[in-house]
Amino acid sequence: MHDIEEFRLETRNWLEANCPAAMRLPITQEEIVWGGSQVHFKNEDQRIWFEKMRDKGWFAPSWPKEYGGGGLAPKQARIVEEEMLKLSCRQPQFNLGVWMLGPVLLEIGTEAQKQEHLPPMMQGKIRWCQGFSEPNAGSDLASLKTHARIEANGDFVVNGSKIWTSYGDAADWMYALVRTDNSVRKQEGISFLLINMKSPGVTVKPIELISGKSSFCEVFFDEVRVPAQQLVGPLNGGWTVAKKLLQHERAAMSKFSEGAAPSHDALLVAKAYLYDEDGHLIEPVWRDKLASLLMDSHAFSLTHQRVKEEGLARMDVSGPASIMKLVQTEQEVAKYELLMQLMGQRGMSWEGDEFTKDEHDICRLWLLSKTYVISGGSSEIQLNIIAKRVLGLPG
Ligand SMILES: Cc1cc2nc3c(=O)[nH]c(=O)nc-3n(C[C@H](O)[C@H](O)[C@H](O)COP(=O)(O)OP(=O)(O)OC[C@H]3O[C@@H](n4cnc5c(N)ncnc54)[C@H](O)[C@@H]3O)c2cc1C
């Protein structure tokens, strides 16, 4: 107990001494630092915070030191998370590799795969994208058609295409699902491959959205050679690997309100628009709506805390990961809907000096929040999983 409290104190002191003040302000979408070969810092504080956390191994505090992690026990890693939250420290690096692929490689990767891929993630040198969805394989992911032929030496040759690949144009590597057997039940003929985006035959096309901007890409594979050692898990065992990975994706998405994504404190925003000079919210309808949102959010964070503790105790949290993803993302949507209502016309501010930067951000996040209930498996799909795996209802 004493050691743990000492560790907490050391952690807090270290964070206070090393996290620049600007890196303790709420993060906006434009301020996210994505790791990878194209890493870009908008200012010196971002670079300092990234490098300090990297050198400490705290991009992933609980990963073993030999792979560049912090080597902390789960309880200590949890303390780092808690203290970062208390001091409002930003995530120094956003990287699908660290959140999703890394934990899967730690669990089932070969030693060579761990040695090759984990340290560069921990250095923030490689950025990963996710190649799962295809034009006719989103919710029904197992219907994917991108195909890999197996050569005599065990290498794979990939043909086909992926869609909705977030930041495919900025990624260095992709983890992808490909079909390696057409003759069996669709879930049983899929393999999980790691593909270097610089391989000959990979073409990335950004998808332009109505806003003129987009983080989405289509990725095409034309006779792309992938060495045999980049197969994760057994041949044709990719569905199980993907399910593991999606659990980590859902767990990451259930941490949105803990700084894993830009977000706003509803109460702070409401205070700016609804409270009178004496600090009272007199209007009962708004008070009611706000109180209900805050209560839901508090209840979520307590339940989230419990699920995390269960995870630390090595209990099976695969079902709860879907519940947490569902509730957190639906709550973010509800929160931004409420903020838009209470801000009225000012909520619709996309640009222009007559509105504040915060108002622009809220408008953008309101739009973005609508994607949370689709990406990582839609809310309906989470409900299906919960019905089957948590409640044990028939399919
Ligand atoms: C912001 C964002 C980022 C993304 N990034 C990536 C990425 O990096 N890589 C990647 O591979 N994919 C990515 N995706 C794609 C995402 O995984 C798919 O959009 C998602 O799985 C849904 O698939 P779909 O778009 O084909 O919709 P569909 O599967 O066609 O679903 C359409 C609607 O039908 C509902 N529905 C479908 N099946 C059922 C069912 N069985 N029961 C009840 N309702 C059902 C869905 O809930 C949805 O409302 C991203 C999506 C978004 C929005």
Side-chain angles (χ1 to χ4, degrees), residues 29 32 34 36 94-101 104 127-146 158 160-179 186-187 190-195 197 202 204-211 213-221 238-239 241-250 252-253 256 260-263 321-322 325-326 328-330 332-333 336 364-389 391 393-395:
Q29 260 184 293
I32 290 177
W34 292 94
F94 283 57
N95 195 328
L96 302 198
V98 179
W99 294 335
M100 301 174 204
L101 177 65
V104 170
R127 181 165 173 182
W128 287 83
C129 64
Q130 175 166 298
F132 283 8
S133 304
E134 295 182 10
N136 290 311
S139 300
D140 183 15
L141 185 58
S143 294
L144 60 93
K145 293 211 160 45
T146 293
V158 181
S161 68
K162 296 287 172 183
I163 196 165
W164 312 127
T165 313
S166 297
Y167 304 105
D169 50 349
D172 304 295
W173 279 72
M174 168 189 273
Y175 52 86
L177 292 176
V178 297
R179 185 152 302 285
K186 59 186 179 179
Q187 286 85 353
I190 293 172
S191 296
F192 190 105
L193 293 183
L194 306 179
I195 304 178
M197 294 294 276
V202 176
V204 182
K205 280 195 189 159
I207 302 170
E208 201 168 309
L209 298 184
I210 197 163
S211 63
K213 278 188 186 173
S214 166
S215 57
F216 291 130
C217 295
E218 282 178 284
V219 181
F220 299 90
F221 304 95
W239 190 245
V241 184
K243 282 201 286 189
K244 280 185 195 298
L245 188 133
L246 286 170
Q247 264 179 42
H248 293 294
E249 176 168 17
R250 285 159 195 165
M253 290 182 80
F256 277 6
S263 191
S322 280
K325 192 266 178 187
L326 173 79
Q328 168 75 109
T329 53
E330 292 288 350
E332 281 294 292
V333 172
Y336 279 98
R364 282 171 169 73
L365 284 180
W366 167 63
L367 290 169
L368 186 70
S369 69
K370 297 183 181 305
T371 69
Y372 298 161
V373 290
I374 303 173
S375 58
S378 68
S379 287
E380 289 79 9
I381 295 305
Q382 302 313 317
L383 286 169
N384 285 348
I385 295 172
I386 295 162
K388 216 167 141 185
R389 276 201 227 143
L391 302 176
L393 298 176

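Note that ligands are numbered from 1 as they come in the structure, with each ligand's atoms numbered from 1 the same way. Just so you know, residue 1 is the first one in the sequence shown, and it goes up from there.
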### Query
What is the nearest protein non-hydrogen atom to atom 49 (O) of ligand 1, stated with its residue, atom name and distance?
E380 OE1, 3.7 Å
### Query
Nearest protein heavy atom to atom 9 (N) of ligand 1, by residue and atom, and its distance?
Q130 O, 2.8 Å
#### Entry: Per-atom contacts of ligand 1 with F216, taking only distances under 4.0 Å to non-hydrogen atoms
1 (C), 2 (C), 3 (C), 4 (C), 52 (C)
### Message
For the residue pair S263 / E332, report whether a side-chain donor-acceptor contact shorter than 3.5 Å exists.
### Response
yes
### Nearest neighbour in protein (non-hydrogen) for atom 32 (C) of ligand 1
S139 OG, 5.0 Å
### Query
Any side-chain heavy atom of L101 sitting closer than 4.5 Å to one from W173?
no
### Query
Do W99 and F94 have their ring centres less than 6.0 Å from each other?
yes
### Message
Between Q382 and S322, do the side chains contain a donor N or O and an acceptor N or O under 3.5 Å apart?
### Response
yes
#### Entry: F132 N/O to ligand 1 N/O under 3.5 Å
yes
### Message
Taking distance alone, with N or O pairs closer than 3.5 Å, would you say S375 contacts ligand 1?
### Response
no
### Task
Could you check atom 21 (O) of ligand 1 against the protein and tell me its nearest heavy-atom contact, residue, atom and distance included?
G138 C, 3.7 Å
### Message
Is the contact between L383 and ligand 1 made by the side chain, the backbone, both, or neither, using heavy atoms and a 4.0 Å cut-off?
### Response
neither
### Query
Going by the angle between their ring planes, with limits at 30° and 60°, are Y167 and W34 parallel, tilted or perpendicular?
tilted
### Query
Heavy atoms, side chains only, cut-off 4.5 Å: are L96 and Y175 in contact?
yes
### Message
Just to confirm my output: which protein heavy-atom neighbour is closest to atom 12 (N) of ligand 1, and how far is it?
### Response
S133 OG, 2.7 Å
#### Entry: Ligand-side contact atoms (ligand 1) for residue partner S378, heavy atom cut-off under 4.0 Å
46 (C), 47 (O)
### Message
Tell me whether S166 has any N or O atom under 3.5 angstrom from an N or O of ligand 1.
### Response
yes
### Query
For atom 6 (C) of ligand 1, what's the nearest protein heavy atom and its distance?
W164 O, 2.8 Å
### Protein contact of atom 19 (O) of ligand 1 - nearest heavy atom, named by residue and atom, plus distance
I374 CG2, 3.5 Å
#### Entry: N or O contact, T165 vs ligand 1, cut-off under 3.5 Å
no
### Query
Can you tell me if Y372 has a non-hydrogen atom under 4.0 Å from ligand 1?
no
### Task
Quick one: look at L141 and ligand 1, take heavy-atom pairs under 4.0 Å, and tell me if it's side chain, backbone, both or neither.
neither
### Message
Side chains of E134 and S161: any donor to acceptor distance under 3.5 Å?
### Response
no
### Query
Would you say L177 and F192 make side-chain contact, with heavy atoms under 4.5 Å?
yes
### Message
Could you tell me if the side chain of M197 sits less than 4.5 Å from the side chain of C129, heavy atoms only?
### Response
yes
### Query
Is there at least one pair of N or O atoms, one from T371 and one from ligand 1, spaced under 3.5 Å apart?
no
### Task
Before giving the answer on salt bridge (Lys or Arg N to Asp or Glu O under 4.0 Å), spell out for K205 and D169 the whole-Å C-alpha distance, their side-chain angles and the decisive distance to 0.1 Å.
CA-CA 7 Å; K205 280 195 189 159; D169 50 349; over 6 Å; no
### Message
If the cut-off is 4.0 Å to any non-hydrogen atom of N384, which atoms of ligand 1 fall inside it?
### Response
40 (C), 41 (N), 42 (N), 43 (C)
### Query
Do Q130 and M100 have side-chain heavy atoms sitting under 4.5 Å apart?
yes
### Query
Between Y167 and ligand 1, which residue portion shows a heavy-atom distance shorter than 4.0 Å: side chain, backbone, both, or neither?
neither
